[in-house]
Amino acid sequence: MTIPLASFRFEVSIMVENGSSHGLSNPLCSAAFAECSGLEASMTPKTIEEGGNNVEQVHLVGPVTYSQLTLKRGMTQNLDLWRWFTAVTRLGSPTGARADVEVKVLAADGQPALTFQLSRCLPVKIKGPGLVAKDAGLAIEELTIAYARFDVQAA
């Protein structure tokens, strides 16, 4: 019997290529994320219509596209995510300081059950918290990451 995994038990690890040369530590941030979304791939089929066949179409495998990963966490004084975004946007290189990201979904016992491995990641958006004086909520920062591909592996 397979037990479904809970969506609230996960870990995210961001490893920047040549991070130390950009003043970044590996793994990039030590804080836990409260939310992770965007683990998504889709394929656009190529449709071919055969002459004389009026009742069906032939679908061939087309290009795969990936969503963008969005991570949210309570803002701390750790500015590694902001430093990574700055390093990427100021390098002037078309590849920037890319990273590999692992999102581990944990089983009930806390051990990794599934791992999503995202390759050649770039931060494309970083968002600071909305600051409202009358609100007593947490300051939440948000990072959006574009990735070239992802793979899923069972532990």
Side-chain angles (χ1 to χ4, degrees), residues 1-46 59-131 135-155:
M1 180 171 118
T2 304
I3 299 172
L5 300 170
S7 64
F8 63 88
R9 296 183 63 106
F10 65 95
E11 294 176 351
V12 179
S13 174
I14 302 172
M15 300 294 288
V16 179
E17 295 173 8
N18 302 318
S20 58
S21 65
H22 303 296
L24 302 169
S25 60
N26 271 325
L28 188 58
C29 63
S30 57
F33 290 95
E35 191 175 323
C36 174
S37 61
L39 295 167
E40 180 180 334
S42 61
M43 185 268 301
T44 306
K46 294 180 181 182
H59 297 287
L60 301 177
V61 176
V64 175
T65 58
Y66 299 97
S67 183
Q68 294 182 343
L69 186 72
T70 301
L71 301 170
K72 295 181 182 180
R73 71 175 185 172
M75 189 160 194
T76 67
Q77 291 177 319
N78 179 332
L79 298 177
D80 284 347
L81 298 178
W82 295 82
R83 287 185 188 107
W84 181 35
F85 185 85
T86 301
V88 166
T89 57
R90 293 196 180 151
L91 276 179
S93 131
T95 58
R98 293 191 182 263
D100 291 326
V101 174
E102 281 191 351
V103 178
K104 294 181 182 178
V105 182
L106 307 177
D109 63 0
Q111 296 301 312
L114 289 177
T115 301
F116 292 88
Q117 296 176 325
L118 288 67
S119 304
R120 304 196 40 77
C121 302
L122 283 175
V124 295
K125 179 181 174 184
I126 191 155
K127 182 177 175 183
L131 303 172
D135 192 5
L138 287 176
I140 302 293
E141 66 182 335
E142 182 177 320
L143 176 69
T144 304
I145 298 172
Y147 51 95
R149 65 173 287 149
F150 80 82
D151 295 305
V152 184
Q153 296 178 347

Quiz item: Taking only residues two or more places apart in sequence, or in another chain, which ones meet Ser42 in a side chain to side chain donor-acceptor pair (under 3.5 Å)?
Solution: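 For Ser42, the residues satisfying side chain to side chain donor-acceptor pair (under 3.5 Å) (neighbours in sequence not counted) are Thr65.
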Note to self: List the residues meeting side chain to side chain donor-acceptor pair (under 3.5 Å) with Ser25, not counting sequence neighbours, and say none if there are none.
What the structure shows: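 By the side chain to side chain donor-acceptor pair (under 3.5 Å) rule, Ser25 matches Asp80.
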Rounded distance (nearest 0.5 Å) linking atom [atom1] of [X] with atom [atom2] of [Y]:
X      : Y      : atom1 : atom2 : answer
Lys127 : Thr144 : NZ    : OG1   : 8.5 Å
Leu71  : Ser37  : CG    : OG    : 8.0 Å
Arg98  : Glu17  : CZ    : CD    : 8.0 Å

Check [X] against [Y] and note the closest heavy-atom contact, atom names and distance.
X      : Y      : value
Phe33  : Val12  : CD1-CB, 3.7 Å
Leu79  : Thr76  : CD2-O, 4.5 Å
Trp82  : Glu141 : NE1-OE1, 2.6 Å
Leu69  : Cys36  : CD1-SG, 3.6 Å
Tyr147 : Ser67  : CE2-O, 3.3 Å

Please enumerate all residues that pass side-chain contact (heavy atoms from CB on, under 4.5 Å) together with [X], with sequence neighbours excluded.
X      : result
Ala139 : Met75, Pro129
Val64  : Ala41, Met43, Tyr66
Ala146 : Gln68, Val124
Asn26  : Met15, Val16

By ring pair (Phe, Tyr, Trp, His ring centres under 6.0 Å) - contacts of Phe10 (at least two apart):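 Result, ring pair (Phe, Tyr, Trp, His ring centres under 6.0 Å) vs Phe10: none returned.
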| field | Worked verdict on Arg73 versus Leu81 for side-chain contact (heavy atoms from CB on, under 4.5 Å) | value | CA-CA 11 Å; Arg73 71 175 185 172; Leu81 298 178; 3.7 Å; yes
_I need the full list of salt bridge (Lys or Arg N to Asp or Glu O under 4.0 Å) pairs touching residues 18-28, with sequence neighbours left out, sorted by first then second residue._
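Non-adjacent pairs meeting salt bridge (Lys or Arg N to Asp or Glu O under 4.0 Å): zero.
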Discussion item. Test side-chain contact (heavy atoms from CB on, under 4.5 Å) on Ile14 and Trp84; report intermediate values, then the result.
Written reply: CA-CA 10 Å; Ile14 302 172; Trp84 181 35; 4.1 Å; yes
| task | For Glu40, check salt bridge (Lys or Arg N to Asp or Glu O under 4.0 Å) against everything at least two apart and list the hits. | result |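 Residues passing salt bridge (Lys or Arg N to Asp or Glu O under 4.0 Å) with Glu40: none at all.
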Salt bridge (Lys or Arg N to Asp or Glu O under 4.0 Å) involving Arg149 - partner list, sequence neighbours excluded: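 Applying salt bridge (Lys or Arg N to Asp or Glu O under 4.0 Å) to Arg149 gives Asp151.
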Between side-chain atoms of residues 101-114 and protein atoms elsewhere (two or more places apart, or another chain), which donor-acceptor pairs fall under 3.5 Å?
| residue | atom | partner | partner atom | Å |
| --- | --- | --- | --- | --- |
| Glu102 | OE2 | Gln117 | NE2 | 3.4 |
| Asp109 | OD1 | Gln111 | N | 3.0 |

Side chain proximity check, Glu142 to Thr70, heavy atoms < 4.5 angstrom: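 The answer is yes; the side chains approach within 4.5 Å.
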